[in-house]
Amino acid sequence: MEASLFDAAIKGFFNILQLKVFFAMLIGVSIGTFTAVAPQGLGMPLVYAILLPVVIKWEPVTGIALLIGASSVSAICAAYLPILFGIPGGSGSQATVLDGYPMGKKGEGRRALGASFMAGGMGCLIGTLTLIIAIPAAKPLIYLMGSPELFVIMLWGLSMVAVLAGRRPIKGLIAAALGLMIATVGQQAQSGIMRYVFDQPYLLDGMAISIIALALFGIPSALDLALTKLGVEQQAVPLKGSLFDGIKDTLREWWLVVRCSFVGVWVGIVPGLGSQVVDWLAYGHAAQSAKVGRENFGKGDVRGVIAPESANDAKDGGDLVTTLLLGFPQGVTTALFIVALLAWGYLPGPEMIKKNADMIYSIVWIQGIAGITGTLVGFLLAAQLAKLAEVRYTFMVPIMFIFILLGAFSVNRDPLDLVVVVGFGILGYFMRRSGYPRPAMILGLVLGDLMEKYLYRSVASYGFSWLARPAVIVLLALAALSLFFTLRGQMRARKEASASTFSGAVARSASES
Amino acid sequence: VKRLERFKLPDRETDGPAQQGYVVITIISAVILVLIFVAEAAIGQSFYEGKTITMIAGTEPGGTLDMRTKALTHFLKKHIPGEPTIITEHMPGAGGRKAANYMYRVARPDGLTIGTPVSGFLMLAVLKEPGVDYDIHKFIYLGAPDGVAHYIFHSRKEASLSNLEKLRAASGVRIGAQNVGHTIYVVGRLFAYALGLKDARFVTGYSGVELDAALVRGEIDARPNLAETLIRRTPEFVDKGLMDLHGILEAPAGKKHPRFSYLPEIASFARSDKARSVIEMFRASRTTGGPYILPPGTPKERADVLKEAVRKTFNDPAYQTEYKKLVGDDLAPVTADDVEKAIKALKPDAEMIELYKKIAGPGALPIQ
């Protein structure tokens with residue numbers, strides 16, 4: 001190494017001490033905030049794609065400040081929609097709707113937002129710290145997990161259906177099976193076989209999870225407001241809780257934040273997992289590991305907001321570990337970030353650690369500072385945006401429908417997506433009325449594709465000998481233990497409170513309607 | 001004509017009816033010529049002035065194709081008379097079929113919609129795959145920026161397949177790829193077919209990055225990759241000798257890669273005319289690159305304006321620099337005529353289509 005990492009860290013910090021760098025970061029923060037509040041189709045990849053031809057003409061550190069500023073804030077501020085309107089945010093922030101929206105309905109929207117920003121900010125810092133720690137030794141982390149290990153972890157994730165289904169295990173299994181079945185639509189990657197395509201080009205690539213999640217949760221929420229004829233926070237409950245209550249909640253749950261942030265970092269580091277699972281894995285972990293009040297998950301438990309938000313924001317740090325230290329992009333956004341680095345003459349990967357360690361540290365500093373700025377911006381805006389929840393339903397319901405339809409259309413810009421969003425919206429409404437847990441279906445949908453892929457790859461590469469791999473055996477044992485303790489906890493909770501039996505995260509909230 | 005008589009020169013002895021006729025014909029011809037020039041100018045300049053051209057990209061924002069489009073638009077605008085606004089609309093899905101179907105069936109042939117589906121949309125039509133509602137011979141092609149590609153077939157050092165003899169002798173070599181039908185998958189299958197590998201096993205379902213990690217972990221033994229990607233993303237694979245490089249597929253044929261010119265070309269492995277033909281079929285499809293297209297029926301004058309603008313853009317040094325910056329590869333332009341020629345040549349017989357489908361499909365590889 002040409003310079004010590006400490007020297008590089010100092011130099012990296014001095015690199016960013018320029019007015020224009022901070023100005024660029026603030027512009028990025030503004031763009032990120034707008035992206036977070038706008039319908040979900042306006043995601044970071046599109047923003048990066050628009051910004052890239054402009055910023056590559058700038059000085060590297062200024063361009064990096066704009067790009068990193070936008071992406072880190074976008075993740076932190078992604079909780080507005082799920083908490084205030086019950087509309088899932090972009091991928092990585094969908095599970096927040098499970099407890100965020102019930103909190104909003106109980107008059108605790110501000111508290112939920114406070115918790116979400118605080119958890120997001122802390123998650124972002126933990127992700128950044130991990131990036132700093134990982135700089136000397138990142139490679140083994142990435143090569144540690146093979147397809148067999150990842151399959152077992154996905155299997156472990158699927159066991160969360162037990163939590164999400166609660167009192168209705170059969171309905172939970174049916175919903176999860178429906179999700180798994182929908183995940184099989186499209187051309188199967190491994191065999192090329194068309195499944196449930198019916199000669200429709202629209203179905204060749206399968207169904208978009210983001211559109212289905214938007215429909216399953218967003219439309220029933222909008223219908224809910226229309227039918228009760230009340231705004232989100234006009235649901236006959238007094239307004240209570242403040243942003244500071246949310247901050248206090250998060251600080252009290254610091255250990256949960258740390259654990260879920262590591263879930264996020266890990267998802268960010270491992271190639272192929274993607275952001276769609278991060279919030280669900282963290283939420284499941286929080287619900288499974290809760291020692292007290294587990295029955296409150298799905299009914300407006302602040303831990304159900306803290307877990308997915310901290311994981312989602314910590315993931316960016318994990319993403320950067322692989323992007324900067326190995327040159328492996330983890331998604332479209334990081335692929336575009338690599339394009340920008342290449343255009344500036346940097347070669348992400350081991351070469352960059354050797355030759356441009358100061359620039360890596362500049363990125364780390366910017367990531368950390370942007371995370372703090374994003375949290376502060378979130379707090380500043382939250383007080384104003386939270387007022388939206390008090391708006392009359394006659395005004396709010398049409399806006400929600402516009403957001404849902406616009407969000408669905410902007411994913412692929414295909415008119416058929418509007419048909420799908422309406423169809424799944426109706427399905428979501430009836431699932432909620434009949435007590436079928438919608439999160440179990442989303443979980444099946446999210447994990448189904450990954451499980452199939454990892455299982456296929458494991459068998460194709462190792463035959464059935466993958467079952468004898470030590471890491472697989474350990475992970476299987478952990479998954480079995482986790483499921484055992486979850487089920488035991490549920491049974492105990494039932495015994496302890498026969499009147500208000502533990503109904504599980506979402507099945508219970510579903511029955512509220 | 002009567003009005004023009006006011007401008008007639010005084011009659012001379014030689015001015016007979018025949019001469020008067022010539023004058024009228026000359027004037028009419030001149031008027032027609034002026035009208036043609038005015039029309040051309042109107043089509044070339046006034047038509048695009050203040051107009052908006054929509055680029056239909058067949059992938060999501062952020063992919064290589066998107067970067068190619070981004071690099072092009074700013075410079076293309078400069079080279080179209082009237083400097084129209086150019087916007088990009090993304091229409092990903094079905095391996096480019098969605099965008100191509102849109103260009104064929106929905107887009108108005110008015111010269112204001114340019115398509116850039118992923119290059120695979122051509123082969124999907126040649127192979128008569130489902131979901132193809134377009135005729136590739138009816139599109140109007142404007143050229144392509146990426147007519148050169150080099151694929152390298154390599155295996156991990158620990159697999160002990162250091163030379164071709166060992167590779168051919170090994171049984172059950174695990175070759176990784178993205179999806180069945182993906183270009184990298186087809187190239188891997190072509191190498192296995194041409195080399196006559198014994199019971200090669202194809203492990204799919206990876207992203208490009210995951211494939212590299214799987215190679216290092218030993219989950220797969222070999223994979224093909226684009227030479228430029230190999231150098232850029234995993235330089236240590238080559239520099240530190242972590243991989244054994246076995247062969248190269250050059251498109252177009254004979255276009256050597258400056259760094260890997262020593263590697264044997266895939267065609268040299270083939271032991272039958274059939275094998276050579278199917279390799280050439282793939283090569284031809286790759287040589288067209290990812291062309292820019294216009295809907296069938298676009299007026300010739302407007303198509304010509306756009307063809308010329310694309311040609312000028314490809315020759316613009318500033319564009320070439322921008323392309324290198326955004327895409328990472330050097331520009332390898334293919335002219336509109338060359339794209340059309342290559343596509344006309346893409347008319348394999350039924351037997352060749354069958355063989356290609358077997359190679360690009362999921363089943364066992366045919367034997368040479």
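Order of the sequence lines fixes the chain letters, A, B, ..., with proteins taken first and strands second; residue numbering starts at 1 for each chain. Note that the coordinates shown come from a computational prediction; the quantities given were computed from them, not determined experimentally.
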Report task. Identify which of A:Y456, A:W344, A:Y202 forms the greatest number of heavy-atom pairs closer than 4.5 Å to chain B. Result ->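 The answer is A:Y456.
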Query raised in the report: For A:Y462, is the NZ or CZ atom of A:R469 found under 6.0 angstrom from the centre of its six-membered ring and inside 45 degrees of the ring axis?
Result: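 A:R469 over A:Y462 ring: yes.
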Report task. Using the six-membered ring of B:F121, assess whether NZ or CZ of B:R97 lies under 6.0 Å from its centre and within 45 degrees of the ring axis. Result ->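 Geometry flag: not set, cation outside 6.0 Å or 45°.
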Query raised in the report: Which of the residues B:P362, B:G131, B:G205 is involved in the greatest number of heavy-atom pairs with chain A at under 4.5 angstrom?
Result: B:G205
Report task. Name the region of B:Y206, side chain, backbone, both or neither, that has any atom closer than 4.5 Å to a heavy atom of chain A. Result -> both
Query - Candidate list A:L67, A:I64, A:T62, test side-chain contact (heavy atoms from CB on, under 4.5 Å), partner A:V55, passing option - result: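 With A:V55 as partner, A:L67, A:I64, A:T62 yield a single side-chain contact (heavy atoms from CB on, under 4.5 Å), made by A:L67.
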**Report entry** Sidechain-backbone polar pair: B:R201 side chain, A:S461 backbone, donor-acceptor under 3.5 Å
**Finding:**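 Yes: the side chain of B:R201 pairs with the backbone of A:S461.
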